[in-house]
Amino acid sequence: MNRTQPQRTFGGISFDSTKSSSEERDRCQECSACLSCTRRCLCISIIALLALGVVGAVIGFAVTFGLPPPTPVNRLCVTSGNQTGFLCDDRVTCLPASRICNRIRECVNGEDEQEKLCNDLPNSLPGYLIFRCSNPVYWIYADKKCNGANDCGDCSDERGPLASCPPCGTQWWSCTPVFYEYCTCIPRALCRDRIQHCSDWSDEYACNR
């Protein structure tokens, strides 16, 4: 014996109450899902707007006040020959100062010949790479100072307070040279060569090679 589904009648119109309740539940579930999706989308939109606002504020600050200058790279180094040098990007290769801006790329990335470093010598070079002679018109590379040779032309790179050079090394003989190319010492290789290099002739009777 089949049971009849309960029916309700309003205004002469009958309808299935069970079916109606099921449809209402489905509609409620759909509405809940839509509401949940709407809230989720709203949250995502708010987060995106906040992120855009932060980015915009950073850009506005940078435009208004300017970006902070990049931290300069410290390239000062000392070569194996105890000379002032220029450190390449590999942080291993140390080039003597006189090999910077010589139109020969010796650093792997060519930073020793980059335009901003070499476009206005000596002003574009870091101070540690150059030595200014007593006559400020003239300058030499820092590794040429105290090398025994008269590179400045007035010996200011070899003697006096500007240079502060140490005494002559073991490979040099201390005297007053008679030739323009030396200042306070001569190479021992020139001793006893039957040519006067020192004003007192000590290179010929006192100096040994």
Side-chain angles (χ1 to χ4, degrees), residues 51-174 177 179-191 197 209:
L52 287 174
V54 171
V55 172
V58 171
I59 294 174
F61 182 85
V63 170
T64 304
F65 299 100
L67 292 172
T71 304
V73 178
N74 181 14
R75 297 191 182 276
L76 174 62
C77 62
V78 178
T79 67
S80 57
N82 200 31
Q83 297 173 318
T84 300
F86 177 89
L87 189 63
C88 296
D89 283 347
D90 62 10
R91 314 305 291 175
V92 174
T93 307
C94 183
L95 300 177
S98 56
R99 283 161 59 180
I100 306 305
C101 300
N102 62 351
R103 300 184 180 180
I104 301 173
R105 294 179 56 168
E106 297 186 71
C107 290
V108 175
N109 298 326
E111 54 272 21
D112 55 316
E113 297 298 321
Q114 56 187 329
E115 184 179 355
K116 65 179 181 181
L117 187 68
C118 308
N119 65 355
D120 183 25
L121 299 178
N123 300 318
S124 54
L125 291 173
Y128 60 82
L129 289 180
I130 64 171
F131 173 81
R132 293 192 179 274
C133 305
S134 60
N135 182 344
V137 175
Y138 300 106
W139 66 278
I140 60 173
Y141 282 102
D143 62 322
K144 297 297 183 183
K145 179 174 74 76
C146 302
N147 65 349
N150 183 13
D151 293 292
C152 278
D154 59 2
C155 284
S156 58
D157 56 311
E158 297 297 320
R159 62 188 179 205
L162 287 177
S164 299
C165 295
C168 300
T170 56
Q171 300 301 312
W172 296 78
W173 176 255
S174 178
F179 293 109
Y180 176 79
E181 59 184 319
Y182 301 112
C183 297
T184 59
C185 314
I186 64 166
R188 281 187 177 271
L190 300 179
C191 292
H197 297 282
R209 293 191 182 190

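Note that the coordinates shown come from a computational prediction; the quantities given were computed from them, not determined experimentally. In what follows, every heavy atom counts, from backbone to side chain, and hydrogens, waters and symmetry copies are set aside.
Around CG of N82, the count of heavy atoms belonging to other residues, nucleotides or ligands within 6.0 Å does not exceed 12.
K144 and E158 get closest at one heavy-atom pair: O-OE2, 3.8 Å. Here the closest non-hydrogen pair linking L121 and L117 is CD2-O, 3.9 Å. Shown here for L95 and T79, the closest heavy-atom pair between the two residues is C-CG2, 4.1 Å. When all heavy atoms are compared, the tightest approach of K116 to S124 is O-CB, 3.6 Å. Closest heavy-atom contact between D112 and E106: OD2-N, 2.9 Å. Summarising the geometry of C183 relative to N150, their closest heavy-atom pair is SG-CB, 3.5 Å, with the distance given to 0.1 Å.
Although no hydrogens or angles enter the test, the distance criterion places a donor-acceptor pair under 3.5 Å between the side chain of Y180 and the main chain of G153. Counting only distance, with no hydrogens or angles, the side chain of R209 and the backbone of C191 share a donor-acceptor pair below 3.5 Å. A donor-acceptor pair is defined here as one N or O able to donate and one able to accept, closer than 3.5 Å; no such pair exists between the side chain of D143 and the backbone of P96.
With rounding to the nearest 0.5 angstrom, the CG atom of L190 is 4.5 Å from the NE2 atom of H197. In this structure, the separation between CG on L87 and CG on N74 is 8.0 Å, given to the nearest 0.5 Å. Between the CZ atom of R99 and the CZ atom of R105 there is a distance of 15.5 Å, given to the nearest 0.5 Å. Atom CZ of R188 and atom OG of S174 lie 10.0 Å apart (nearest 0.5 Å). The CG atom of D120 lies 10.5 Å from the SG atom of C101; values are rounded to the nearest 0.5 Å.
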Would you be so kind as to tabulate the donor-acceptor pairs closer than 3.5 Å made by side chains of residues 130-140, with sequence neighbours excluded?
residue: R132; atom: NH2; partner: N123; partner atom: OD1; Å: 3.4
residue: S134; atom: OG; partner: D154; partner atom: OD2; Å: 2.3
residue: N135; atom: OD1; partner: V137; partner atom: N; Å: 3.1

Per-pair distances, 0.1 Å, donor-acceptor, side chain in residues 161-173, under 3.5 Å, sequence neighbours excluded:
residue: S164; atom: OG; partner: P161; partner atom: O; Å: 3.1
residue: W173; atom: NE1; partner: S202; partner atom: OG; Å: 2.9

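Side-chain contact check for E111 versus I100: every heavy-atom pair is 4.5 Å or farther apart. When side chains are defined from C-beta on, P126 does not count as touching L76, because their heavy atoms never get closer than 4.5 Å.
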Hey, mind stepping through Y141 and L125 against side chain to side chain contact (heavy atoms under 4.5 Å, CB included) and telling me if it holds?
CA-CA 10 Å; Y141 282 102; L125 291 173; 3.9 Å; yes

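Taken together, C94 and C77 meet the criterion of an SG-SG distance shorter than 2.5 Å.
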